[in-house]
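Worksheet: the structure to be examined is printed underneath.
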Amino acid sequence: MPRLLALVVVLGLALASPAQQLFDQAVGLLNTLYYGVSPLKPADLAPKYRLRLEEACKAQAECAYGTGAEVIVELLRELGDKHTNYYSPERYREHQAALSGGTSDKPRLGLQLGYLEAYDGVIVLDVYGGSPAEMAGLKRGDRIVAVNDQPFPQELTRRVPFLNEATAAGQALRLSVVRAGQLLDLPVQPARISLQRLPSLTLRDDGVAVLRIPSFLGSQVIGTRVHELVRQAQAAGARSMIVDLRGNGGGLVTECITAAAAFTGETYRRLQRAVGFTEYGFRNGQTYLGSGGQRSVFYSLEPARWNGSAVVLVNKSTGSCAEYFAFDLQDAGYPVIGEATAGVGNTVTSFYNLANGGALQITTTQVLRRDGRPYPDAVTPDQVLADDLEALLKGRDALLEAGVQRLAAMAAGKPLPRNGVLQAPAK
């Protein structure tokens, strides 16, 4: 009888459509591994979406992976955990390439983009170092309004895909760009680019160093680089620093805690699972992991320690372990300026491969302080200020200006209003 039962199960799996196989695999992973903050349970949602999948598959001779992926996305949307997501095969390949320093599958420009409904086109929020966009002279605050004289779609969600589709063929493009009210034509040659985004340092004439950290993806790379750049800033005589985390969606826990230690000296995270926990921390130049009462060194570096004033810039796209970094510096007394962050700063995720080449990002742990207290879901800035894209289009970076203003006030010993809320700097 056991052998007959096993045969029936195997035949059932063999007869299941690709969509059903993908859905069952995803639900199995969620039921086993999910340990997030949603009040809903994946197991309670699964029957509803299994019926939805069956309905969607009725009109298909062989229900494809894509249909299963669509239903999985719907289930995760109702689960409501912003840290638990479905990654398509293409998106997952790019995630892995960003971790390892690999290149994009298709030609790209190397831009982080945004948009505003009142303005045509897309707004350049960041330019990747060494990218075709940087070589073409694109800058933060530029607005791209046409590609080879073709305007962007009016529909907001179609604008970035429109540009991606234009670059995918790898042919040279001519971008119509509005910069500070002037229309420019910039030729650019799309290319396959490195997806690993490294921290960079800019030394301003007023003695303020700007440390830009666009991502924490890159094992034993990002944290080490931050310590190196802090030493460079000190050697150059910088008296204060702005740490820019805007648009940083997170990355590896090890890199966030290692990087934060360049400002705090030590860092610590307790990652609590449904059963057991793991410790991560940085101390005396070593990033360590602990489990079951035992600690092991993950990697070592020559530690830096910033000894001047600093502020941290965040926005609503600052997420995951970039929020951990901001929490650590805020706890150490460094002011945070900007918008409330993405709201996934109290959990950690892991990735799990799916049959179609994609992956599930699943919240598997909740994040606790050394004393066992949970972290908030989001960072609340000490100085609340919008990351004003309209001002950026006019050549002003409101948060950067506020950071410089805050550092000057700190140097002069001037207090802030009690609620920590300031208006944007005067034009």
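D382 and Q330 form a side-chain donor-acceptor contact under 3.5 Å, judged by distance and modelled atom types alone. Side-chain contact of T363 with D81: a donor-acceptor pair under 3.5 Å is present, judged by distance alone. In the model, Q366 has no side-chain atom that pairs as donor or acceptor with a side-chain atom of T347 under 3.5 Å. Neither side chain, T365 nor Q272, offers a donor N or O lying under 3.5 Å from an acceptor on the other. A donor atom on one side chain and an acceptor atom on the other are found under 3.5 Å apart for Y119 and E390. In this structure, a donor-acceptor pair under 3.5 Å is present between the side chains of Y268 and E279.
Counting heavy atoms from C-beta outward, D377 and V37 have side chains that stay 4.5 Å or more apart. When side chains are defined from C-beta on, Y128 does not count as touching L111, because their heavy atoms never get closer than 4.5 Å. When side chains are defined from C-beta on, W306 counts as touching M241, because their heavy atoms get closer than 4.5 Å. Between I257 and R269 the shortest side-chain heavy-atom distance falls below 4.5 Å. Between V297 and S300, some side-chain heavy-atom pair lies under the 4.5 Å cut-off. Side-chain contact check for R231 versus E302: some heavy-atom pair is nearer than 4.5 Å. K139 has its side chain within reach of R179: a pair of non-hydrogen atoms, C-beta onward, lies under 4.5 Å apart.
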Show every donor-acceptor pair shorter than 3.5 Å between a side-chain atom in residues 190-200 and any protein atom, with sequence neighbours excluded, or say none if there are none.
from: R192; atom 1: NE; to: S104; atom 2: O; distance (Å): 2.8
from: R192; atom 1: NH2; to: T103; atom 2: OG1; distance (Å): 3.1
from: R192; atom 1: NH2; to: S104; atom 2: O; distance (Å): 3.4
from: S194; atom 1: OG; to: Q196; atom 2: N; distance (Å): 3.4
from: Q196; atom 1: NE2; to: A98; atom 2: O; distance (Å): 3.3
from: Q196; atom 1: NE2; to: L99; atom 2: O; distance (Å): 3.2
from: R197; atom 1: NH2; to: D126; atom 2: OD2; distance (Å): 2.5

Taking distance alone, no hydrogens or angles, what donor-acceptor pairs closer than 3.5 Å link side-chain atoms of residues 331-338 to residues at least two apart or in another chain?
from: D331; atom 1: OD2; to: R369; atom 2: NH1; distance (Å): 2.7
from: Y334; atom 1: OH; to: F263; atom 2: O; distance (Å): 3.3

Name each donor-acceptor pair under 3.5 Å that joins a side chain in residues 282-292 to protein atoms two or more places apart or in another chain, with its distance.
from: R283; atom 1: NE; to: E266; atom 2: OE2; distance (Å): 3.4
from: T287; atom 1: OG1; to: T258; atom 2: OG1; distance (Å): 2.6

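The two residues G403 and L313 make their nearest non-hydrogen contact at CA-CD2, 4.5 Å. The heavy-atom pair separating D388 from A398 by the smallest distance is CB-CB, 4.3 Å. Between V71 and Y49 the shortest heavy-atom distance is CG1-O, 3.4 Å. Taking every heavy atom of both residues into account, A326 and V314 meet most closely at CB-CG1, 4.2 Å. The two residues H83 and V344 come nearest to each other via the heavy atoms CE1-O, 3.5 Å. Residues P381 and V384 approach most closely at O-CG2, 4.0 Å, considering heavy atoms.
Here R246 does not pair with E339 in a salt bridge; the nearest charged N to carboxylate O distance is not below 4.0 Å. Taking 4.0 Å as the cut-off between side-chain N and carboxylate O, E55 and R50 do not count as a salt-bridged pair. R158 and E165 are joined by a salt bridge, as a carboxylate oxygen and a charged side-chain nitrogen come within less than 4.0 angstrom of each other.
When V124, N164, L175, V127 are each tested for a side-chain contact (heavy atoms from CB on, under 4.5 Å) with L109, only one passes: L175.
Counting heavy-atom neighbours within 6.0 Å of D371 CG, excluding the residue itself, gives a total above 12.
Between F351 and Y87, the ring planes lie perpendicular to each other; the angle is over 60°, past the 30° to 60° tilted range.
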- Task: Give the C-alpha distance, both sets of side-chain angles, the deciding distance and a yes or no for side chain to side chain contact (heavy atoms under 4.5 Å, CB included) between T364 and T349.
- Result: CA-CA 5 Å; T364 55; T349 68; 5.7 Å; no
- Item | From CA spacing to verdict: side chain to side chain donor-acceptor pair (under 3.5 Å), Q60, T67 | CA-CA 10 Å; Q60 301 182 36; T67 302; 3.0 Å; yes
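Taking the centre and axis of the six-membered ring of Y35, the NZ or CZ atom of R273 falls outside the cone set by 45° and 6.0 Å.
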